[in-house]
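In this chain, numbering begins with 1 at the start of the sequence shown.
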Amino acid sequence: MKALCLVFCLFFSVAVMAGKYTREMNEQNISNDGKNPVEFRIAKLNQVWEKANRMQLAPVRLSELHSDLKMQEREELQWKKLKAEGLDEDGEREAKLRRSFHIILAKYGMDGKKDNRALDTNSLKDHDPKQGDMFDDPRLDKLWNKAKTSGKFSEQELQSLHREFQHHKDKIHEYNIVVDTVSRTEEIHKNVISPLEEDEKQNALHEKHTELKQRMRDLNQGFERLRKITHEGFSSDNEFKEPRVIELWEMARRSNLSEDALDSLKEELKHFETKVEKHQHYQEQLDYSHQKLQHVEALGDEEHIMRHKEKYNNLAEKAREMGYKMKKHLQDITNKISRNGLPHNEL
């Protein structure tokens, strides 16, 4: 009897330790050396973050990546709760999370594919002609070169327009990843044997094709907007200046929202645009602080290095925090438009 109890206790201890190990691997709180806090509770997101730091991404890109990973972490932790309650039986939400994770990898050049962007490229300076603005799309490159030489835009307007071009480029990346996902899914579905299973997977494929069509329509509308701005310049009666805000407002106007709802949303978008501009300001400050830190490090003055490094780290943390809040607000507004006026695939 004693031997049986001993075996049971041993088995229970091993099970507890195994569960503890799994939980700690997926929801980490401290780093291996026990000194620095781990950025994310999910191991694969920490791996991406560590790789990005090794790649020495520019401070602004690193700050944006941090915000994207925080959003991904939030969505994955919510999905884990739903899965535990049996609310993602078809695995569609899990598939969307995989796609969004692959989009992040592609966006920051960590998907293993050739990326012609320099590792130290800084988006704040991409409008400088000396750095050769390339958007991996001949049509975008042609439009951008025309905009730069047209004389229709001030330096500030060129920066704003460049952000729109970069935003469009990111959306092209996302579209290509979804195309690749659908193609691989179709290959898998060719081996389906069960008729019932085939019907279910055909429905899932139909949804993905619908999503692709809507993304393509969205890309075409976005390109037409860039083409119009390039030829005519910015209109003085534009409601908004920031690309993401403009996109949201145009989506809202295409929706079935009432006039009162549109007026309310317009006010919210104005507040959101202020938040975007404030975040942009912090990103600029972060870039300047990084340049100063590099200069001081070259001089080798330890006291100045520590002081500038502390300022840089504080700015980096502030920019990351604001970036996450901004993207969360963006997601909330997008969901609001979706619930009240657009089919989900419009987004």
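Two different hydrophobic clusters hold Met306 and Leu293 under the rule that ILVMFWY side chains link at heavy-atom gaps under 4.5 Å. Under a hydrophobic clustering in which Ile, Leu, Val, Met, Phe, Trp and Tyr are joined whenever their side-chain heavy atoms come within less than 4.5 Å, directly or via other members, Phe272 and Ile337 fall into the same cluster. Met110 and Leu62 end up in the same hydrophobic cluster when Ile, Leu, Val, Met, Phe, Trp and Tyr side chains are linked at under 4.5 Å. Under the 4.5 Å side-chain contact rule for hydrophobic residues, Trp49 and Leu57 share a cluster. Cluster annotation: Met322 and Leu286 are assigned to the same hydrophobic cluster (Ile/Leu/Val/Met/Phe/Trp/Tyr, side-chain heavy-atom contacts under 4.5 Å, transitive).
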Go through it in stages, so that I can follow the logic: the residues are Gln331 and Asn335, the test is side chain to side chain donor-acceptor pair (under 3.5 Å), and I'd like the CA-CA distance, side-chain angles, deciding distance and then a yes or no. CA-CA 6 Å; Gln331 187 181 65; Asn335 290 339; 4.7 Å; no

Apply side chain to side chain donor-acceptor pair (under 3.5 Å) to residues Glu224 and Asn220 and explain how you reach the verdict. CA-CA 6 Å; Glu224 279 305 306; Asn220 288 336; over 6 Å; no

Under the ring pair (Phe, Tyr, Trp, His ring centres under 6.0 Å) criterion, do His162 and Phe135 qualify, and how do the steps go? CA-CA 10 Å; His162 187 276; Phe135 295 97; 5.3 Å; yes

Please report the C-alpha distance between Asp218 and Tyr175 in whole Å, then the side-chain angles of each, then the deciding distance to 0.1 Å, and finally whether the side chain to side chain donor-acceptor pair (under 3.5 Å) criterion is met. CA-CA 10 Å; Asp218 191 28; Tyr175 173 80; over 6 Å; no

Evaluate the criterion side chain to side chain donor-acceptor pair (under 3.5 Å) for residue pair Arg99 and His102; output intermediate values, then yes/no. CA-CA 5 Å; Arg99 285 203 298 273; His102 291 152; over 6 Å; no

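Between Glu75 and the options Arg93, Lys80, Lys96, a salt bridge (Lys or Arg N to Asp or Glu O under 4.0 Å) holds for only Arg93. None of Glu250, Glu247, Met251, Arg254 except one satisfies the side chain to side chain contact (heavy atoms under 4.5 Å, CB included) rule with Gln221; the exception is Arg254.
Residues Lys70 and Arg74 fail the side-chain proximity criterion, which asks for heavy atoms closer than 4.5 Å. You'll find the side chain of Gln283 reaches within 4.5 Å of the side chain of Gln280, heavy atoms only. Taking 4.5 Å as the limit, some side-chain heavy atom of Lys309 sits within range of a side-chain heavy atom of Glu297.
For the atom pair Tyr312 OH and Ser289 OG, the distance stands at 7.5 Å (nearest 0.5 Å).
Using a cut-off of 4.0 Å between Lys/Arg side-chain N and Asp/Glu carboxylate O, Lys325 and Glu321 are scored as salt-bridged. Ion pairing between a basic and an acidic side chain is recognised when a charged N comes within 4.0 Å of a carboxylate O; Asp332 and Lys336 show no such pairing.
Looking at every heavy atom in both residues, Leu158 comes nearest to Trp144 through O-CH2, 3.5 Å. Across every non-hydrogen atom of Lys275 and Met326, the tightest pair is CD-CA, 4.0 Å. Taking every heavy atom of both residues into account, Ala147 and Thr230 meet most closely at N-CG2, 3.8 Å. Taking each heavy atom of Lys107 and Arg61 in turn, the nearest pair found is O-NH2, 2.7 Å. What you find for Phe165 and Leu140 is that their closest heavy atoms are CE2-O, 3.3 Å.
With Thr274 contributing its side chain and Lys270 its backbone, the two residues share a donor-acceptor pair below 3.5 Å. Without hydrogens or angle criteria, Glu157 side chain to Ser154 main chain gives a donor-acceptor distance under 3.5 Å. With hydrogens and angles ignored, the 3.5 Å screen pairs a side-chain donor or acceptor of Thr334 with a backbone N or O of Leu330. Judged purely by atom type and a 3.5 angstrom limit, Glu273 uses its side chain to pair as donor or acceptor with the backbone of Glu242. Under the 3.5 Å distance criterion, the side-chain polar atoms of Thr149 are matched with a main-chain donor or acceptor of Asn145.
Within the cation-pi definition used here (under 6.0 Å to the ring centroid, within 45° of the axis), Lys44 qualifies as a partner of Phe101.
Side chains of Gln291 and Asp287: a donor-acceptor N/O pair is present below 3.5 angstrom, by distance only. No side-chain donor from either of Gln72 and Asp68 sits under 3.5 Å from a side-chain acceptor of the other.
For His66 and Phe40, the ring centers sit closer than 6.0 Å to each other.
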